[in-house]
Amino acid sequence: MGAPGSGKGTQAVTISARYRVPAISTGDMFRAAVASGSPLGVQVKALLDSGALVPDEITDQVVSSRLREPDATAGWLLDGYPRTLAQVAALDSCLAEYDKQLNCVLVIEVPTEELIHRLLLRGEREGRSDDNAETIARRLDVYRDQTEPVIAQYASRGIVARVDGTGTVAETAARITAALDPVAGVTSRGCDC
Ligand code: ADP
């Protein structure tokens, strides 16, 4: 987890490779749907462009079907989900059905001014339609109002690890590895990999 611009997508690539789990990004799945012009894409395009969240029922459905795919049986990294308390409840039931659990909720922390700077820069470089000043402000508000309570909820379960997301990509990756290696060690004892 992390605010827009915290580096979730960037770090997800490293985490996915190191622990050999698929990185499942709701934002990427929604952007792919928009790009393909699928019915889901048509439904969510305006929401993404405005910085609002996609409704929980749609998002929960997308994630629960993705978690059923064969590459997700031995574990996964969720990037950008859950982002509301209702999504936490939906994920809880989805995991209970399969007798699976979250091992760790990793939170990448970056000061707000740095987030805005990074997102504006990405908007200039990559042209992502939601990386403009107005939409960035909305996404940060949504994060504070809807997603920070999610972190508090997981913190009360004792599974949150917070890492400093400032500095270089490699520095953050090293902090993440230090936080996740012990957790992954616990996981691997339970399987024959
Ligand atoms: P960022 O974290 O920079 O906002 P993401 O790629 O994670 O980027 O998300 C982009 C957009 O996709 C969000 O602003 C929202 O519209 C939608 N989205 C992604 N994840 C969720 C989610 N879990 N619930 C609802 N909407 C989501």
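Reckoned from all heavy atoms, side chains included, excluding hydrogens, waters and symmetry mates. These numbers come from a predicted model, not from an experiment. Counting starts at 1 for both ligands and their atoms, following the listed order.
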Handout entry: Sidechain-backbone polar pair: Thr135 side chain, Gly51 backbone, donor-acceptor under 3.5 Å
Key = no

Exercise for the section: Tell me yes or no: between the side chains of Asp49 and Ser129, is some donor less than 3.5 Å from an acceptor? Expected result: yes

Practice task
Quick one, list the residues around ligand 1 where some non-hydrogen atom comes in under 4.0 Å, by chain and residue number.
Solution key: Pro4, Lys8, Thr26, Gly27, Phe30, Arg31, Leu48, Ala52, Leu53, Val54, Thr59, Gly80, Tyr81, Arg83, Gln87, Arg122, Arg128, Asp130, Arg139

Practice task
Using the salt bridge (charged side-chain N to carboxylate O under 4.0 Å, His left out) rule, take Asp131 and Arg139 through it: C-alpha gap first, then chi angles, then the decisive distance, then the call.
Solution key: CA-CA 10 Å; Asp131 285 341; Arg139 284 153 65 207; 3.0 Å; yes

Problem - Lys8 side-chain N/O to Gly2 backbone N/O, donor-acceptor pair under 3.5 Å - result: yes

Problem - Residues Arg66 and Asp71 bridged, charged N to O under 4.0 Å - result: yes

Problem - Flag, side chain of Glu114 to backbone of Ser6, donor-acceptor distance under 3.5 Å - result: no

